[in-house]
Amino acid sequence: MDIPSKYEPQQVENHWYDYWMKHNYFQSIPDEREPYTIVIPPPNVTGVLHMGHMLNNTIQDVLIRRARLKGKNACWVPGTDHASIATEAKVVAKLKEQGINKSDITREEFLGHAWEWTHEYGGFILEQLKKLGCSCDWKRTAFTMDDNMSEAVIKVFVDLHNKGKIYRGYRMVNWDPEAKTTLSDEEVIYEEKQGLLYYLSYQVEGLNEKVTIATTRPETILGDTAICINPNDDRYAHLKGKKAIVPICNRVIPIIEDEYVDMEFGTGCLKVTPAHDINDMELGKKHGLETIDIFNEDATLNSFGLHYEGKDRFEVRNAISKELEEQGFLVKTEQYINKVGTSERTKAVIEPRLSDQWFLEMEDLVKPAIKAVLEDNEVKLFPKKFENTYRHWMENIRDWNISRQLWWGHQIPAYYFGDGQEDFVVAENMDEALNKARKKSGNPDLSMAGLKQDEDVLDTWFSAWLWPISLFNGILEPNNKEIEYYYPTNDLVTGPDILFFWVARMIIAGYEFRNKPPFKNVYLTGLVRDTHRRKMSKSLGNSPDALQLIKNYGADGVRVGLLLSSAAGNDLMFDENLCQQGKNFANKIWNGFRLVNGWEVSDLQQPEASKLGIEWYTSKFNQTLIEIEDHFDKYRISDALMATYKLVWDDYSSWLLEIIKPAYQQPIDKTTHDAVLQLFEQNLKLLHPFMPFLTEEVWQHIDDRAPEQALIVAQWPTILAVDESLVQGFEFAAEVISGIRTIRKEKNIPLKEALNLSVLNTEKVSENWDTIICKLANISVINYVEATVDSALSFRVKSNEYFIPISGTIDVEAEINKIREELKYTKGFLVSVQRKLSNERFVNNAPEQVISVERKKEADALAKIETLEKSLASLV
RNA sequence: GGGCUCUUAGCUCAGUUGGUUCAGAGCACCUGCCUUACAAGCAGGGGGUCGAAGGUUCGAAUCCUUCAGGGCCCACCA
């Protein structure tokens with residue numbers, strides 16, 4: 001045999017990937033077939049493949065390949081996301097390495113560097129997906145900053161602005177001092193941090209008394225503009241209308257009253273810093289307080305920080321607490337755990353900050369998206385539990401801050417012609433802007449030079465939310481053939497961490513701009529963790545190198561490894577052992593092929609065992625196919641794989657192949673050979689979505705195939721009738737075979753030594769199976785007997801008793817004990833069944849089917865007890 | 001603080017509306033085999049009071065209550 005006994009993935013994978021590409025099997029163009037569409041969750045253009053991507057994209061590829069085999073027009077659109085904040089941070093860092101500060105170069109120069117970076121590294125991650133076997137339509141590869149994508153974003157912005165849903169406002173927003181930009185609420189991650197609660201005393205003006213407040217942020221006292229007490233708090237009643245003096249800066253501030261203050265917390269006195277806390281801002285507005293912003297944009301202190309000017313806020317916190325202590329203002333400190341907002345991307349501690357930003361009003365936009373998921377089921381979430389999370393977020397949604405103080409992204413199409421709050425227009429391009437601006441300003445002589453475009457860019461998700469639409473150019477050309485054909489797409493596969501960022505917003509956009517959902521099903525995968533349940537991360541160094549894994553186990557092995565333990569929505573503990581299991585499975589299939597391939601075919605009569613074996617496996621295959629389809633329908637991909645795995649490994653390899661295997665160096669009959677090859681091919685089709693490379697390789701080894709007969713475009717098996725009696729009969733026969741093997745094992749009788757078998761038959765079983773039993777257990781003859789057999793080892797299947805006469809003495813004592821054990825167990829079982837059946841309430845209340853099952857159990861047990869007792873009698 | 005969710009074999013998890021062989025699977029483990037497709041393999045085997053306590057029911061891993069311990073999401077309490 002010249003085919004190696006081990007499957008070598010490395011040599012195979014590139015070859016078939018190129019082959020598929022060459023014959024355009026990944027490519028989709030609209031035709032009369034039913035479309036099946038997936039849009040990829042676009043990874044960060046400068047990112048590298050991590051385990052989360054591997055899992056997501058494997059699942060997507062399984063779904064798309066299965067759809068392709070099912071004859072659908074399968075279209076998987078790949079692409080990348082410009083990820084403005086993450087990419088900009090990387091570019092800034094890279095420039096810094098080269099000694100260039102972002103603040104020293106122009107916007108155009110910076111964008112030049114960013115594009116350079118994008119062109120250099122962008123698409124790298126897509127190349128990695130190819131190694132994994134992903135069958136994306138690469139001709140459609142898109143980028144969120146492609147011209148048409150950008151145009152769509154701008155058009156949508158203008159449209160929403162015209163509808164009055166986008167507005168500009170001076171609000172308190174989340175400020176990332178490191179990236180120097182605002183963030184949406186969703187980009188802020190709250191983390192519990194151990195900190196200190198500082199008790200500070202303020203001198204009350206005109207009284208020889210101090211008032212003590214509690215704060216976690218002593219540095220902000222420099223921005224204090226009031227002290228607030230609860231009007232119902234008797235302890236402080238005498239302070240009403242008085243003023244207090246802020247330590248260090250000695251500013252005199254009013255003592256105000258508001259029921260917002262929790263009398264139980266701290267001292268019941270609150271310092272109010274409207275510029276640096278959302279609640280304080282509300283209080284400030286309500287009570288007409290002054291707002292003093294003490295921070296620069298990088299969260300160092302400005303001139304209001306006095307002698308701390310230019311120093312970072314955390315540095316100042318330490319320093320000022322010392323100064324306060326020295327001057328006697330610090331009463332005490334307490335350990336305190338509080339939630340600190342951090343930037344999802346830069347991890348910097350977020351500062352609430354007042355600034356001019358752009359917002360999208362969400363209240364109305366959200367309504368159809370809520371209905372679609374929770375009432376109409378137009379979009380289904382898998383697992384379903386995420387619908388609750390979705391509902392909660394959607395029903396409590398707040399306006400979306402869509403502007404970012406970055407350069408890398410879609411620049412906001414607002415143009416200013418003056419300094420007034422309303423001196424701007426929103427337009428799709430400069431010409432239009434100029435026209436609008438001339439009208440609005442009433443100045444017909446306004447020139448291009450007099451217009452200044454907003455410096456900010458849009459939140460990355462403001463382009464990503466259009467992804468399923470804009471990929472098919474559905475915004476710019478709403479009636480084009482592609483969008484009509486591919487939209488709504490079918491399945492979206494992504495992680496639950498971006499349910500709000502992306503999934504929910506795509507649904508919103510889908511209804512707003514197409515009046516249809518962007519997809520029908522959302523499959524939310526779990527997070528990939530390591531075997532210690534730790535999240536995979538670069539800093540922990542516990543994230544394996546994806547390409548190295550593929551090298552070690554083959555792409556198919558890695559795919560199987562990932563899928564085996566990834567029930568939807570459950571985190572998956574990634575363990576390389578699972579990849580090894582996948583690799584082993586690939587080798588198993590490979591060798592299954594080698595065996596069948598190595599047989600010499602001859603024009604013989606088909607043995608009875610082979611005929612029956614083939615018939616049985618055909619039924620078993622179809623029965624399993626029904627299961628597999630059901631698993632897929634429920635997005636239980638790992639269960640679908642496991643069912644396939646067991647079918648191929650256990651039923652096909654361990655049973656069927658052994659049943660039909662000809663004696664050593666004997667030829668096989670043509671009928672059986674043809675049939676088994678055909679069944680093997682059916683197996684390969686079921687396996688192909690999971691293990692595309694190996695299966696295509698084997699497929700092409702079986703036969704020389706024309707390109708259009710490649711496995712990737714073969715036809716998925718249709719479900720045929722299942723003969724239940726065959727399946728059950730086989731199970732019985734398998735138990736008999738196991739029984740014989742157990743005895744062989746216990747008594748150390750090698751398989752090579754043929755045995756005789758006698759059967760005391762009370763259970764009606766078709767004798768057809770005898771040929772198979774003989775072959776697999778090496779039985780020379782099966783005798784049907786009327787009485788128990790002496791000097792034999794015995795075992796029972798259901799109520800049949802089987803005897804293997806052996807030469808030499810048998811251990812009678814051991815046989816008796818074995819039978820007594822079985823008898824004891826069966827009697828106990830019978831008692832419990834009879835107890836149930838004699839319970840009137842059971843008989844009256846339980847459904848007929850349940851009762852008849854119990855009666856059957858009773859009869860079986862009685863019959864078995866009878867045989868056991870007879871055997872026992874013959875031995876004693 | 002509000003909501004959701006989980007706890008089943010050594011590990012990772014199935015267990016659909018309470019009722020067939022429902023106490024399961026894969027891996028791991030133990031034993032014996034280098035048998036001629038595959039030692040990346042074959043055959044056989046052990047292993048769980050279904051987190052705890054109550055309750056409903058003829059019947060509970062499954063439904064209800066309480067408790068213990070995880071996880072996730074949301075929320076402006078200094």
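Just so it is clear: chains get the letters A, B, ... in the order the sequence lines come, proteins before strands, and each one is counted from 1.
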Practice item. Establish, with yes or no, whether the OP1 or OP2 oxygen of B/rG41 is under 4.0 angstrom from a side-chain nitrogen or oxygen of A/Asn587. Key: no

Review point. Rounded to the Å, how far apart are A/Lys752 NZ and B/rC34 P?
Key: 9 Å

Exercise for review: Look at atom CD of A/Glu840 and say whether more than 12 heavy atoms of other residues, nucleotides or ligands are closer to it than 6.0 Å.
Suggested key: no

Exercise for review: Mind checking A/Val261 for me? I need base, sugar-phosphate or nothing, with any heavy atom below 4.0 Å counting as a touch.
Suggested key: base

Review point. Under 3.5 Å, is there an N or O donor on one side and an acceptor on the other linking the side chain of A/Lys588 and the base of B/rC38?
Key: yes

**Study point:** Side chains of A/Val503 and A/Phe386 in contact at under 4.5 Å (non-hydrogen atoms)
**Key:** no

Point to revise | pair A/Tyr198-A/Leu330: side-chain heavy atoms closer than 4.5 Å | key: yes

Practice item. Answer yes if the side chains of A/Lys271 and A/Thr273 hold a donor-acceptor pair under 3.5 Å, and no otherwise. Key: yes

Revision key, fill the gap. When rounded to whole Å, the CZ to P distance for the pair A/Phe382 and B/rU16 reads 17 Å

Point to revise | N-O pairing of A/Lys634 and A/Asp630 below 4.0 Å | key: yes

Practice item. State whether A/Arg796 and A/Glu822 are salt-bridged, where the test is any N-O pair (Lys NZ or Arg NE/NH1/NH2 against Asp/Glu carboxylate O) under 4.0 Å. Key: yes

**Study point:** A/Phe680 and A/Phe593 aromatic ring geometry - parallel, tilted or perpendicular at 30°/60° bounds
**Key:** parallel

Under 3.5 Å, N/O pairs linking protein and nucleotides 43-47 of chain B:
| from | atom 1 | to | atom 2 | distance (Å) |
| --- | --- | --- | --- | --- |
| B/rG44 | OP1 | A/Ser738 | OG | 3.0 |
| B/rG44 | O3' | A/Thr742 | OG1 | 3.3 |

Review point. Any side-chain heavy-atom pair from A/Lys588 and A/Asn584 closer than 4.5 angstrom?
Key: no

Check your understanding: So A/Glu334 and A/Lys332, salt bridge (charged side-chain N to carboxylate O under 4.0 Å, His left out) or not? Walk me through it.
Key -> CA-CA 7 Å; A/Glu334 279 175 4; A/Lys332 62 172 177 176; 3.3 Å; yes

Review point. Is the shortest distance from a Lys or Arg side-chain nitrogen in A/Arg353 or A/Glu351 to a carboxylate oxygen in the other one below 4.0 Å?
Key: no

Review point. Base, sugar-phosphate, or nothing: which does A/Asn839 touch, judged by heavy atoms less than 4.0 Å apart?
Key: sugar-phosphate

Review point. Between A/Gln581, A/Gln580, A/Arg559, A/Glu576, which is the residue that forms a side chain to side chain donor-acceptor pair (under 3.5 Å) with A/Tyr553?
Key: A/Glu576

**Study point:** Sidechain N-carboxylate O distance under 4.0 Å for A/Glu219, A/Arg313
**Key:** no

Review point. Can you find a heavy atom in the side chain of A/Ile589 that is under 4.5 Å from one in the side chain of A/Asn591?
Key: no

Review point. Is there a side-chain contact between A/Ile227 and A/Leu270 (heavy atoms, below 4.5 Å)?
Key: no

Review point. Mapping A/Lys661 and A/Asn338 onto RNA chain B by nearest heavy atom, which one lands closer to the 5' end?
Key: A/Lys661

Check your understanding: If you look at every strand shown and take non-hydrogen atoms under 4.0 Å, does A/Tyr645 touch a base, only sugar-phosphate, or nothing?
Key -> sugar-phosphate

Exercise for review: Using the test salt bridge (charged side-chain N to carboxylate O under 4.0 Å, His left out), find all partners of A/Asp651 that sit at least two apart in sequence or belong to another chain.
Suggested key: none

Check your understanding: Between A/Lys634 and B/rU16, is there a side-chain N or O to OP1/OP2 distance below 4.0 Å?
Key -> no

Exercise for review: Just say parallel, tilted or perpendicular for the rings of A/Phe732 and A/Tyr802, cut-offs at 30° and 60°.
Suggested key: tilted

Check your understanding: At under 4.0 Å, does any side-chain N or O of A/Arg636 touch on OP1 or OP2 of B/rA25?
Key -> no

Exercise for review: Within residues 275-282 of chain A, find the residues that approach RNA chain B with a heavy atom at under 4.0 Å, and present them sorted by residue number.
Suggested key: A/Ile278, A/Asn279

Check your understanding: Dot-bracket for RNA chain B, 5' to 3', counting Watson-Crick or G-U wobble pairs under 3.5 Å, with [ ] for crossing pairs and | for inter-strand pairs?
Key -> (((((((..((((.....[....)))).(((((.......))))).....(((((..]....))))))))))))....

Practice item. Check the distance between B/rC27's P and A/Lys646's NZ and give it to me in whole angstrom. Key: 9 Å

Practice item. Compare side-chain N and O positions of A/Trp649 against OP1 and OP2 of B/rA40 and report whether any pair is under 4.0 Å apart. Key: no

Check your understanding: Can you check whether A/Tyr652 has a side-chain N or O nearer than 4.0 Å to OP1 or OP2 of B/rA37?
Key -> no

Pairwise N/O distances under 3.5 Å, protein to nucleotides 72-75 of chain B:
| from | atom 1 | to | atom 2 | distance (Å) |
| --- | --- | --- | --- | --- |
| B/rA75 | N6 | A/Lys339 | NZ | 3.0 |

Point to revise | A/Leu657 CG - B/rC42 P separation (whole Å) | key: 11 Å

Practice item. Remember a base hit wins even if backbone is also touched, and classify A/Arg217 as base, sugar-phosphate or nothing at under 4.0 Å, heavy atoms. Key: nothing

Check nucleotides 59-61 of chain B for protein N or O atoms closer than 3.5 Å to its own N or O atoms and list the pairs.
none

Practice item. Look at all strands and tell whether A/Tyr336 reaches a base, only sugar-phosphate, or nothing, counting heavy atoms closer than 4.0 Å. Key: sugar-phosphate

Check your understanding: So, A/Arg505 and A/Glu186, do they make that salt bridge, N to O below 4.0 Å?
Key -> yes

